[in-house]
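Right, one structure below, let's go through it.
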Amino acid sequence: MVDFIQALGSGILVGLVYALLGLSIVIIYRASEAFNFAIGEFLVIGSFLFYIFFFDLGLPLLIALPLGLVAAGLVGALVERLTIKPLLGRSPLSMTIITLGLGFFLRACVQLIFGSHSYSFFLELPDITQEYGDLLFLSDPIWAGMLSLCTFGLIIFLLFRTRWGLAIRATSENQAKAMAFGIDARFILLIVWAISAACIAIAGIMISNFGALSSMSAIVGLRAIPVVLIGGMDSIGGALIGGIIVGVCESLAGAYIEPLGLIGFKDVAPYLLLLIVLLIRPYGLFGEVRIERV
Amino acid sequence: MRSLSEFYSDYFSSTAVFSYKEDERIFRTLFMRVWFTVLLVFVGLSLMGSTFGIGPNEYHYFIGNLILVNLISAIGLNLLVGFTGLLSLGHAAFMGVGAYTSALLITEYGCPFILSILIAGLMAALFGLIVGIPSLRIKGFYLMVATLAFQFVIEYLIIHWDNLTRGIRGIELPTPHIFGVSLEKNQAYFVFLFVLVVILMWGAKNLTRSKIGRAFIAIRDNDVSAEIIGISIFRYKILSFAISSFYAGVGGALYASMLRSAIPEEYVFINSIIFLAMVLVGGLGRLVGTVFGVIFVTLVPVLLDLGVSYLSHVYDPNVTIYLGPVKELVFGGLIILFIIFEPEGLVGIWIRIRDYFKIWPLPYISE
C-alpha cells in the first residue's frame with residue numbers, strides 16, 4: 001500500500017508537469033488548429049535559453065527566469081511568424097506536418113550551437129523534501145509540480161479573466177468573426193505561440209532540474225502527446241486530468257509492471273492507455289465531439 | 001501566323017482520347033512512353049557497362065538499391081496518405097514488422113528468400129488490418145497519433161522481446177539467393193529490385209485507377225459523402241491500411257536483406273517522418289511524384305556526405321562531427337520550405353513546367 005501511494009504521489013507530481021506541456025499544445029490547437037509536434041524541441045530551446053541567463057551569465061533566479069521565459073516566447077513568436085503565418089487558410093494538417101519538420105530543424109540548430117553533450121543543471125531551490133513514515137517525496141518533483149500548477153492557474157486566469165484572454169478565446173472560437181469584432185487575429189496567434197513556448201520552457205526547466213540538460217531531453221516532449229489526446233485536444237481542463245493520468249500511469253507501470261521483466265515499459269504504457277481511450281472515446285475524455293456535415 | 005483558335009484546337013485534339021484501348025494505357029502520351037524507354041535503355045546500358053568495368057560501380061548500385069527499396073515503402077505510404085487521406089506516423093514500424101518476419105523465417109526456418117519477402121508483406125498487411133480498425137471511429141490528428149502509438153509499441157517489442165528479435169543486437173542474414181542465383185553483389189540485387197519495383201509500381205498504378213483506387217480517392221475527398229454514395233468506408237480504409245503496410249513490409253524485408261541484418265535502429269519513429277517527407281516532397285496522390293520525392297530525399301544525405309567528406313579533406317577533418325546535425329537541418333528545412341512554397345510537391349513544379357510548354361504560346365487554357 002505504501003508503494004502504491006508513493007507511486008501515485010510521484011506520478012501526480014510529474015503528471016502536473018506533463019499537464020503544463022499538454023496545456024501548451026491545447027492552446028495552440030484551439031487557436032490555430034495545428035498540433036505542435038515540435039514541443040520537445042521548444043522544451044530544449046527554452047531550457048537552454050534559461051541556462052544561458054542563469055548559469056552562464058550568473059543572474060539571480062528571479063531575474064533569469066523571466067528573461068529566459070521572454071526569450072523562449074520570442075523564439076515561439078518568431079517560429080509562428082516564419083512557419084505558421086504563411087500557412088493561414090490552408091489545411092490544419094499541413095501546419096501539423098510543418099511542425100514535424102520544424103522539430104528536425106530546431107533540434108539540429110540546438111545540436112550545432114550547444115553540441116550534443118549533457119549540461120549539469122541544478123537550480124538550488126530550497127529543500128522541501130516531505131517524509132511521512134515510509135513515504136518520501138523529493139524536493140525537486142514537488143517544486144516542479146507546484147510551479148507547473150501555478151503556471152497552469154496563471155494561464156487559466158489569463159484566458160478567462162482578462163481582456164487579452166477574451167480576445168484569445170474569441171479568436172479560437174472563430175477567426176473571421178473575431179476579426180469582424182476588431183480583434184487582430186494574426187497578432188493573437190503570435191501571442192498564443194509565445195505564451196505556449198514560455199509554458200513549455202517552464203516545464204522544460206523543471207524537467208531539466210531532475211537531472212541534466214542535453215539536446216536529447218526533447219524525448220520528454222513525446223509524453224505530451226498522449227496527455228493531450230487522452231484529455232481531449234480542445235479541452236483545457238482535459239489537459240490537467242490527462243497529464244495526471246499519464247503521470248500516474250507511467251509511475252504505476254514503472255513500479256508494478258517493470259519489475260516483471262518488462263524493462264522500459266514505462267515509456268510505452270501511456271501510449272497503450274491512449275489507444276484504449278481512443279477506442280472507447282474517439283475525441284478523448286473531455287474533447288468536444290465534432291459532428292460532420294457534408 | 002496561326003490564329004489563336006488553331007492553337008486551342010491543337011491543344012484539345014492532343015488531349016482527346018478516342019478509344020477504350022487508349023484510355024486504358026498506362027503511358028498515355030508519347031512523351032511518357034519515350035521517357036520510360038529512355039529509362040529502360042539507360043538502366044540496361046549501365047548494367048552492361050558495369051560488367052565491362054566502365055559504368056557505375058558497386059557504391060552507385062548501393063545508392064540505387066537504397067532508392068528502390070525506399071520507393072517500394074513510399075509507394076505504400078502514398079497509397080495511404082495521398083490517395084485515402086489517412087495520415088500515418090507508423091510506416092517505419094510496418095517496415096520493421098516485414099524485416100523481422102523475413103529475417104526470422106530465413107534464419108530460423110530456412111525459408112526461401114523470395115517466399116519470405118512475400119510472407120513478410122502479408123504479415124505487415126495483417127498488422128495493417130489491426131491498426132486500421134480504429135480508423136473507423138477516429139481520424140485526422142487522432143488517427144495520426146494512434147499510428148504513432150503503434151510505432152512506439154512495435155519499437156518497444158523489437159528492442160525488448162529478446163527471445164524473438166534478439167534485441168538491439170539484431171538478426172544477421174545470409175546472402176540472399178533467388179532460384180539458385182546469388183544476389184551478393186549490389187548490381188545483381190539492383191536488377192532484382194528493379195524488376196520488383198516495376199511490378200509493384202504497375203500494381204499500385206492499376207490499383208489507383210480501379211474501383212478500389214477511386215473509392216480511396218472518394219474517401220480522401222470527403223468520407224461522409226463517400227459513404228452516402230455507397231462506399232463502405234470501413235472496408236476501404238482497412239484495405240488501404242493493409243495494402244500500404246504490405247508495401248512497407250516488402251520494402252522492410254528487402255531493406256533488411258540488403259543490409260544483411262535486421263537491426264532496430266532502422267525502423268524508428270524518425271524514419272516514419274522521413275517517409276512522410278518523401279511522399280510530401282514528391283507530391284501527394286501522385287505515384288510519379290513519389291518517385292521524384294524518394295530520389296530527392298534519399299540523395300540529399302548522400303550528397304551532404306560527399307560535400308562534408310570533401311570539406312574534411314580540404315579544410316579540417318573535424319568538420320565530419322557536424323554531419324549529423326546538418327543532415328537534420330537540411331531535412332527539416334526541406335519539409336518546411338516545401339510545405340510553405342510548394343504544397344503540391346516536386347510533381348507540382350513538374351506539371352507547371354510541362355503545361356507551360358504544352359499550351360505555349362497560350363498563357364492559360366479556358367474552356
Side-chain angles (χ1 to χ4, degrees), chain A residues 29 33-35 37-38 41 82-83 85-87 90-113 115-116 215 222 225-226 228-229 233 261-265 267-268 270-275 278-284 287 290 292-294, chain B residues 81 85 87 89 131 133-134 136-157 159-162 222-228 269-270 272-274 276-277 280 284 321-322 324-341 343:
Chain A
Y29 179 75
E33 300 243 310
F35 192 102
F37 272 105
E41 283 68 28
L82 291 181
T83 60
K85 189 167 165 260
L87 294 185
R90 296 241 300 264
S91 109
L93 279 178
S94 56
M95 287 189 205
T96 306
I97 293 168
I98 217 170
T99 62
L100 284 171
L102 202 62
F104 271 92
F105 190 82
L106 295 177
R107 190 182 323 147
C109 289
V110 170
Q111 278 179 2
L112 284 177
I113 298 171
S116 38
S215 56
L222 290 178
I225 296 168
V228 180
L229 274 278
M233 289 228 286
L262 293 163
I263 310 144
F265 187 74
D267 302 335
V268 202
Y271 281 94
L272 286 175
L273 187 70
L274 161 72
L275 280 181
L278 281 189
L279 275 178
I280 301 166
R281 290 186 63 95
Y283 291 95
R290 302 221 167 154
E292 282 186 48
R293 293 198 175 80
V294 180
Chain B
V81 179
L87 273 173
L89 285 176
V131 177
I133 291 172
L136 177 65
R137 295 194 67 189
I138 57 184
K139 49 185 153 192
F141 303 109
Y142 288 88
L143 184 64
M144 202 166 164
V145 178
T147 57
L148 179 70
F150 170 74
Q151 164 82 40
F152 286 129
V153 171
I154 290 289
E155 254 179 59
Y156 175 79
L157 284 180
I159 293 178
H160 292 283
W161 196 351
D162 259 7
N222 192 324
D223 54 352
V224 179
S225 49
E227 194 170 25
I228 290 168
F269 172 50
I270 287 178
S272 290
I273 303 180
I274 292 179
L276 200 57
L280 280 173
L284 284 169
I321 59 165
Y322 296 116
V326 167
K327 263 186 198 171
E328 290 199 345
L329 192 79
V330 170
F331 185 69
L334 273 179
I335 297 184
I336 296 173
L337 291 180
F338 262 97
I339 290 183
I340 294 179
F341 296 110

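Just so it is clear, the structure is predicted and the values come from calculations on it, not from any experiment. Chain naming here is simple, since letters A, B, ... match the order of the sequence lines and numbering starts at 1 in each.
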**Which atoms of Leu102(A) approach chain B - backbone, side chain, both or neither, heavy atom under 4.5 Å** = both
**Asked** Contact part of Leu87(A) toward chain B, heavy-atom cut-off under 4.5 Å: side chain, backbone, both or neither?
**Response** side chain
**Asked** Atom OH of Tyr156(B) and atom CG of Leu272(A): how far apart are they, to the nearest 0.5 Å?
**Response** 9.5 Å
**Asked** Can you check whether Ile97(A) reaches Leu87(B) side chain to side chain, under 4.5 Å on heavy atoms?
**Response** yes
**Item:** Arg90(A) (side chain) donor-acceptor with Pro343(B) (main chain) under 3.5 angstrom
**Value:** no
**Request:** Would you please name every residue forming a salt bridge (Lys or Arg N to Asp or Glu O under 4.0 Å) with Glu328(B), sequence neighbours left out?
**Result:** Arg107(A)
**Min side-chain heavy-atom separation Leu89(B)-Phe37(A) under 4.5 Å** = yes
**Item:** Side chain to side chain, Phe150(B) and Leu275(A), heavy atoms closer than 4.5 Å
**Value:** no
**Message:** Between Phe269(B) and chain A, with a heavy-atom cut-off of 4.5 Å, which part of the residue counts as in contact: side chain, backbone, both or neither?
**Reply:** side chain
**Message:** Does any part of the side chain of Ile335(B), heavy atoms only, come nearer than 4.5 Å to the side chain of Leu100(A), both counted from C-beta?
**Reply:** no
**Atom group of Leu279(A) that falls short of 4.5 Å from chain B, counting heavy atoms** = both
**Message:** At a 4.5 Å cut-off on heavy atoms, which part of Leu273(A) comes close to chain B: side chain, backbone, both, or neither?
**Reply:** neither
**Asked** Going by the side-chain hydrogen bond (donor to acceptor under 3.5 Å, both in side chains) test, which pairs reach into residues 145-154 of chain B, not counting sequence neighbours?
**Response** Gln151(B)-Glu155(B), Gln151(B)-Ser272(B)
**Asked** Measuring heavy-atom distances to chain B, does Glu41(A) have an atom under 4.5 Å in its side chain, in its backbone, in both, or in neither?
**Response** neither
**Asked** Are Asp267(A) and Phe152(B) side-chain neighbours, meaning at least one heavy-atom pair lies under 4.5 Å?
**Response** no
**Region of Ile133(B) that comes under 4.5 Å of a non-hydrogen atom in chain A** = neither
**Asked** Tyr29(A) versus chain B, heavy atoms under 4.5 Å apart: side chain, backbone, both or neither?
**Response** side chain
**Prompt:** Any side-chain heavy atom of Phe104(A) sitting closer than 4.5 Å to one from Leu329(B)?
**Reply:** no
